[in-house]
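Structure, as structure tokens:
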Amino acid sequence: MALTADLTRTALRLTSRIAPSVAVSAALPSFRRPHTCARPRPDEEALMRAARRETVSVAGRDVVVFRWGNGERPVLFLHGWMFRTSRFVPLIRALTERGYSPVGFDAPGHGESSDGETTIVQYGDMARRLAPDDGHYEAVVGHSLGGLAAFWALHEEVTATRLITLAPIPDFTYLVDSFCAGAGLTGRAKDVLRTHVEEDIFAGVPNVWERFSATYQPARLTLPILLVHDEDDDVIPVAHARRIADTYGSQADLLITRGLGHRRILADPQVIEGVVDFVSATDPVR
């Protein structure tokens, strides 16, 4: 598999120089939908079976929704690219035990949902659809792409008392640049992909590169924010979390971990404790 990936990158790199549009067309399927997805783990199965499930349609795709608790104090979970809601099980369990009502969904092409393309706009649509009657969540929790989607959703009519992002993608420019680097798209091909993003994937959405950013119009987000990032994250450098934290100043707390990377951060006991403490900071004293 590694050799195949290397050969593909080499071919795309060469094609980028000669026929950038051809190279982008070849790479687009991997950009628009996950080529693989995390499988459920044995330690996740019990809590996932206990969830109340429903299926909703988003952009013509069936999306599976999971709910826990009695509906009071809802907390929305937004998973990352090639991840699934079940990866949040340790945190879902901890918050359920504290009386919160977690809700999450597997985006198209992920987990238990049907195959299909996933966009950050769909994340925002789902966040609005799953909100309680008053439209307000106690907290929104996002990982990786889900972290960026959380910022987007909170700019698009979703409200919450607190925001938690774990290893968030900082903006859509970073996402495109990282994809191009990994796929072997260079030079003019990157410009072709950016044009495709603007005119095809997000047709009708103005200012894509500015709006799909964790630091877009920060004055509009007045809620407390917790950013959790690992120094050894091999997908998204921790410097991006520091930049986001600097943008929001005193309203943002930054928790830096070590040795967890991009994935294990979701299940680390100290991270779970820190997130639960942050979410429940306004709970009445018992």
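In this text, all values refer to a predicted model and were calculated from it rather than measured experimentally.
- Between the CG atom in L227 and the CD1 atom in I244 there is a gap of 6.0 Å [rounded to 0.5 Å].
- Between M48 atom CE and E112 atom CD the span is 6.0 Å, to the nearest 0.5 Å.
- Y123 and Y216 are assigned to two separate hydrophobic clusters, defined by single-linkage of ILVMFWY side chains at heavy-atom distances under 4.5 Å.
- Between L255 and F278, every side-chain heavy-atom pair lies at or beyond the 4.5 Å cut-off.
- Side-chain contact between N70 and S101 is present, with at least one heavy-atom pair separated by less than 4.5 Å.
- Side-chain contact between V89 and E45 is absent, with no heavy-atom pair separated by less than 4.5 Å.
- Panel note: side chain D233, backbone V238; no donor-acceptor pair is recorded below 3.5 Å.
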Margin query: Does V205 form a side-chain contact (heavy atoms from CB on, under 4.5 Å) with F212? I'd like the steps, not just the answer.
Written below: CA-CA 10 Å; V205 180; F212 293 159; 4.0 Å; yes
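- With a 4.5 Å cut-off on side-chain heavy atoms, R243 and T215 count as touching.
- Put simply, the side chain of R67 reaches to within 4.5 Å of the side chain of E54, judged on heavy atoms.
- Residues F83 and L145 fail the side-chain proximity criterion, which asks for heavy atoms closer than 4.5 Å.
- The distance from atom OG of S86 to atom CZ of F66, rounded to the nearest 0.5 Å, is 7.5 Å.
- Side chains of H110 and D106: no donor on one and acceptor on the other come within 3.5 Å.
- The minimum heavy-atom distance between L254 and A241, with the atom names listed, is CD1-CB, 4.0 Å.
- Judged by distance alone, with hydrogens and angles left aside, the side-chain atoms of N207 form no donor-acceptor pair with the main-chain N or O of E210 at under 3.5 Å.
- W209 and F172 have tilted rings, their planes meeting at an angle from 30° to 60° on a 0 to 90° scale.
- S113 contributes a side-chain N or O that, together with a main-chain N or O of V64, makes up a donor-acceptor pair within less than 3.5 Å.
- A distance of 12.5 Å separates CD in E273 from CG in L91, rounded to the nearest 0.5 Å.
- The backbone N or O of G109 sits nowhere less than 3.5 Å from a side-chain atom of D115 that would complete a donor-acceptor pair.
- When every heavy atom of V24 is checked against every heavy atom of L193, the shortest pair comes out as CG2-N, 4.0 Å.
- Between P132 and P74, the shortest heavy-atom contact is CG-CG, 3.7 Å.
- A donor-acceptor pair is defined here as one N or O able to donate and one able to accept, closer than 3.5 Å; such a pair exists between the side chain of R73 and the backbone of R98.
- A distance-only check finds a donor-acceptor pair linking the side chain of S114 to the backbone of D62 [under 3.5 Å].
- In this structure, L223 and L221 have side chains that are in contact, with non-hydrogen atoms separated by less than 4.5 Å.
- The backbone N or O of T195 lies less than 3.5 Å from no partner atom in the side chain of E198, so there is not a single donor-acceptor pair.
- Shown here is R41, whose CZ atom has no more than 12 heavy atoms of other residues, nucleotides or ligands within 6.0 Å.
- Of the inter-residue distances, the one linking L78 atom CG with L130 atom CG reads 9.0 Å to the nearest 0.5 angstrom.
- With hydrogens and angles disregarded, no donor-acceptor distance shorter than 3.5 Å links the side chain of W68 to the backbone of L95.
- Using modelled atom types, one finds no donor on one side chain facing an acceptor on the other under 3.5 Å when comparing T85 with H79.
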Note to self: If you apply the rule side-chain contact (heavy atoms from CB on, under 4.5 Å), what do you find for R263 with V235, and how did you get there?
What the structure shows: CA-CA 10 Å; R263 298 160 184 81; V235 178; 4.1 Å; yes
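- Judged by distance alone, the side chain of D230 and the main-chain N or O of G261 form a donor-acceptor pair under 3.5 Å.
- Under a cut-off of 6.0 angstrom, the local environment of CD in Q270 is sparse, with at most 12 non-hydrogen atoms contributed by other residues, nucleotides or ligands.
- Ring geometry for F77 against F88 counts as tilted: the plane angle lies between 30° and 60°, on a 0 to 90° scale.
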Notebook entry, point to check: Hey, mind stepping through W81 and I169 against side-chain contact (heavy atoms from CB on, under 4.5 Å) and telling me if it holds?
Noted result: CA-CA 10 Å; W81 187 256; I169 289 175; 6.0 Å; no
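- Across Y137 and A131, no two heavy atoms sit closer than the pair OH-N, 2.9 Å.
- Ring pair H262/H143 is tilted by interplanar angle, where 30° to 60° counts as tilted.
- Electrostatic pairing of R61 and E117 does not count as a salt bridge here, judged by no charged N lying under 4.0 Å from a carboxylate O.
- Within 6.0 Å of CD on E72 lie no more than 12 heavy atoms contributed by other residues, nucleotides or ligands.
- The minimum heavy-atom distance between T119 and F202, with the atom names listed, is CB-CE2, 3.9 Å.
- With R52 contributing its side chain and G69 its backbone, the two residues share a donor-acceptor pair below 3.5 Å.
- Counting heavy atoms from C-beta outward, H229 and I236 have side chains that approach closer than 4.5 Å.
- To the nearest 0.5 Å, atom NE2 of residue H240 and atom OH of residue Y174 are 5.0 Å apart.
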Checklist line | Derivation and outcome, side-chain contact (heavy atoms from CB on, under 4.5 Å), residues R211 and H155 | finding: CA-CA 9 Å; R211 295 180 70 188; H155 276 290; over 6 Å; no
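- In terms of heavy atoms, I164 sits closest to A139 at CD1-CB, 3.9 Å.
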